[in-house]
Amino acid sequence: MTDQKPGAEVPHNPGASSRLLAARARVAERGIETRHLRRMWGLPTTTLGLTRWPPGLTDRLRLRWSYWWQAQLLDCLVDAQMRAPTQTRWTRIANLTRSIRLRNLGSWTNEYYDDMAWLGLALARAGKEIGLRRPDALNVIVAQLRDAWSDHGGGGIWWRRDDDFKNAPANGPTAILFTRLAADGGDPTDLRRAEAIVDWMEQHLLDRETGLIFDGLHVTESGEVREVERTVYTYCQGVFLGACMELARVHGTPQWLDRAERTVTAVATHLTTIGGVLRGQGGGDGGLFAGILARYLTQAAIMLVSLAPDRTALASRAAELVYNSAEALWKNRTVAPGGPLFGPDFNQPALTPGTLGARAELPERDLSVQLGGWMVMEAAAQLERSGDFPRPLHRR
């Protein structure tokens with residue numbers, strides 16, 4: 001089956017576009033449209049995100065390529081389509097989906113399992129939420145992820161092919177994807193795979209002092225753990241939280257909710273800055289990390305309302321982290337062509353890159369940083385749209 005045009009299955013709240021956070025999400029989207037979205041090599045019916053703005057020659061020629069940034073762009077566009085669906089955006093999503101494969105030399109996969117998991121999640125959401133289905137792509141990606149499990153280091157899936165590293169960024173999104181596919185009528189074995197992955201993360205990557213998830217671990221050829229990478233990243237917490245909530249939705253057992261609660265509490269305690277704002281983690285890939293955490297905090301907050309009415313305080317705490325981050329991000333934006341420009345640290349004023357001089361390599365140039373900001377804005381707009389979490393009033 002190939003691309004299908006949207007129909008009645010696209011959810012839409014007619015009043016959402018008039019709300020403040022929905023409006024902010026829209027202008028964040030417009031900034032990326034203006035500065036980053038271009039045809040690939042001038043070909044019709046193609047769209048990709050330029051990795052930097054202002055773009056250099058390597059960016060214009062698409063020599064600089066980040067598969068997983070494009071997957072996050074796809075996910076953000078799906079968010080926007082759910083917020084306020086349009087035929088123009090739906091076509092853009094279809095063009096982006098085709099262009100990812102074209103730029104990836106005709107393949108849906110690469111050597112990184114975390115990258116593939118992110119694209120799989122975005123494609124699955126596009127199919128379920130807006131009716132743009134690519135089962136050919138999803139099947140290829142899922143098959144690769146199923147084969148990535150091994151017993152080295154006690155289990156888990158690899159970060160990339162022919163490597164010695166297993167980490168949260170690969171295992172977390174894979175567990176989310178497997179759970180969603182199984183819950184939507186797919187292979188029930190994927191649910192058991194997801195459970196095994198999250199249990200492995202709990203056993204091998206959990207910092208029992210803070211409740212946070214470490215980055216990953218290196219293993220020897222014989223399968224023994226050689227070294228644990230104890231670095232803590234915001235998005236590792238996000239994908240672990242997201243996996244626990246998806247499993248809670250399927251099983252309804254407190255075990256998964258308890259792990260989710262521990263994670264939200266740990267994030268609020270250890271990974272926020274002044275005003276309860278999520279900590280940024282620089283440019284490059286790090287520009288997406290806090291946005292990904294905000295996405296799964298939002299999903300946790302909304303899911304907890306129906307799954308665990310006795311945990312309303314937890315839901316409110318997760319929502320507050322997102323609202324605080326969105327407000328700080330908006331307050332510290334700067335002006336650029338087409339819309340707001342966000343910085344990598346939500347609590348610091350963003351800077352406008354120049355084409356020359358000291359500011360030429362600012363992280364604000366990175367598509368990842370702008371996507372991370374847009375992701376936070378869409379997450380906050382989704383909370384506002386749900387009606388369960390009144391937006392707090394912030395002093396100007």
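This one's a predicted model, so the numbers in the text were calculated from it and none came from an experiment. One is the number of the first residue; the rest follow in order along the sequence.
Below 30°, between 30° and 60°, or above 60°: for F342 and W330 the angle between ring planes is between 30° and 60°, a tilted geometry. Using bins of under 30°, 30° to 60° and over 60° for the plane-to-plane angle, the ring pair Y233/F289 lands in the perpendicular bin.
Atom-to-atom distance recorded for T189:OG1 and R146:CZ is 8.0 Å, nearest 0.5 angstrom. Atoms CG and CE, from L329 and M377 in turn, are 4.0 Å apart once rounded to the nearest 0.5 Å.
Using a 3.5 Å distance cut-off with no hydrogens or angles, the side chains of R279 and T273 do not pair a donor with an acceptor. Looking only at atom types and distance, the side chain of T352 has no donor-acceptor partner in the side chain of E364 under 3.5 Å away.
Residues L50 and I100 fall into different hydrophobic clusters, defined by Ile, Leu, Val, Met, Phe, Trp and Tyr side chains chained together at heavy-atom separations under 4.5 Å. Note: the hydrophobic cluster containing L271 also contains L321 (ILVMFWY, side chain heavy atoms under 4.5 Å, direct or indirect links). In the hydrophobic clustering of this structure, L206 groups with M201; members are Ile, Leu, Val, Met, Phe, Trp, Tyr whose side-chain heavy atoms approach within less than 4.5 Å, directly or through other members. Following chains of ILVMFWY side-chain contacts shorter than 4.5 Å, one can reach W65 starting from I141, so the two form part of one hydrophobic cluster.
Ion pair D215/R230 not flagged as a salt bridge, since none of the NZ, NE, NH1 or NH2 atoms sits closer than 4.0 Å to an Asp/Glu carboxylate oxygen. A salt bridge is defined here as a Lys NZ or Arg NE, NH1 or NH2 lying under 4.0 Å from an Asp or Glu carboxylate O, and D187 with R192 fails to meet this definition. Between D366 and R52 there is no salt bridge, since no side-chain nitrogen of the basic residue lies less than 4.0 Å from a carboxylate oxygen of the acidic one. With respect to the salt-bridge test (charged N to carboxylate O, under 4.0 angstrom), the residues R249 and E246 qualify. Using a 4.0 Å cut-off between charged nitrogen and carboxylate oxygen, E378 and R295 do not count as a salt-bridge pair.
The side chain to side chain contact (heavy atoms under 4.5 Å, CB included) test with N95 is passed by exactly one of T47, L37, T46, L48: T47.
A cation-pi geometry, defined here as NZ or CZ lying under 6.0 Å from the six-membered ring centre and within 45° of its normal, holds between R161 and Y113. For R365 and W53, the positive end is not near the middle of the six-membered ring at less than 6.0 Å and at most 45° from its axis.
At least one side-chain heavy atom of V250 sits under 4.5 Å from a side-chain heavy atom of L191. Taking 4.5 Å as the limit, some side-chain heavy atom of F178 sits within range of a side-chain heavy atom of L145. In this structure, the side chains of W90 and P85 stay at 4.5 Å or more apart for every pair of heavy atoms. Between D199 and Q255, the closest side-chain pair of non-hydrogen atoms falls below 4.5 Å. Looking at heavy atoms from C-beta onward, W374 lies out of side-chain contact with Q72 at the 4.5 angstrom threshold. Side-chain atoms of W159 and N171, non-hydrogen and from C-beta on, never get closer than 4.5 Å to each other.
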For this session: Decide side-chain contact (heavy atoms from CB on, under 4.5 Å) for W158 and S150; before the verdict, give the C-alpha distance in whole Å, the side-chain angles of both, and the deciding distance to 0.1 Å.
Result: CA-CA 8 Å; W158 298 102; S150 80; 3.4 Å; yes
For this session: Mind running side-chain contact (heavy atoms from CB on, under 4.5 Å) on I93 and Q81 for me, showing each step along the way?
Result: CA-CA 9 Å; I93 294 170; Q81 187 70 352; 4.1 Å; yes
Exercise. How far apart are the C-alpha atoms of T179 and R193, what are their side-chain angles, what is the distance that settles it, and do they pass the side-chain contact (heavy atoms from CB on, under 4.5 Å) test?
Worked result: CA-CA 8 Å; T179 306; R193 292 187 176 101; over 6 Å; no
Exercise. Please walk me through it: do T86 and T88 pass side chain to side chain donor-acceptor pair (under 3.5 Å)?
Worked result: CA-CA 5 Å; T86 69; T88 298; 4.9 Å; no
For this session: Applying side-chain contact (heavy atoms from CB on, under 4.5 Å), run through T231 and F214 and close with a yes or a no.
Result: CA-CA 6 Å; T231 310; F214 292 135; over 6 Å; no
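Taking a 6.0 Å sphere around CD1 of I274, one finds it holds 12 or fewer heavy atoms contributed by other residues, nucleotides or ligands.
Side-chain atoms of D147 do not come within 3.5 Å of backbone N or O of Q144 as any donor-acceptor pair. Proximity of a side-chain donor or acceptor of K166 to a complementary backbone N or O of W149 within less than 3.5 Å is not detected.
Ring to ring, Y112 and W68 are not that close: their centroids are 6.0 angstrom or more apart.
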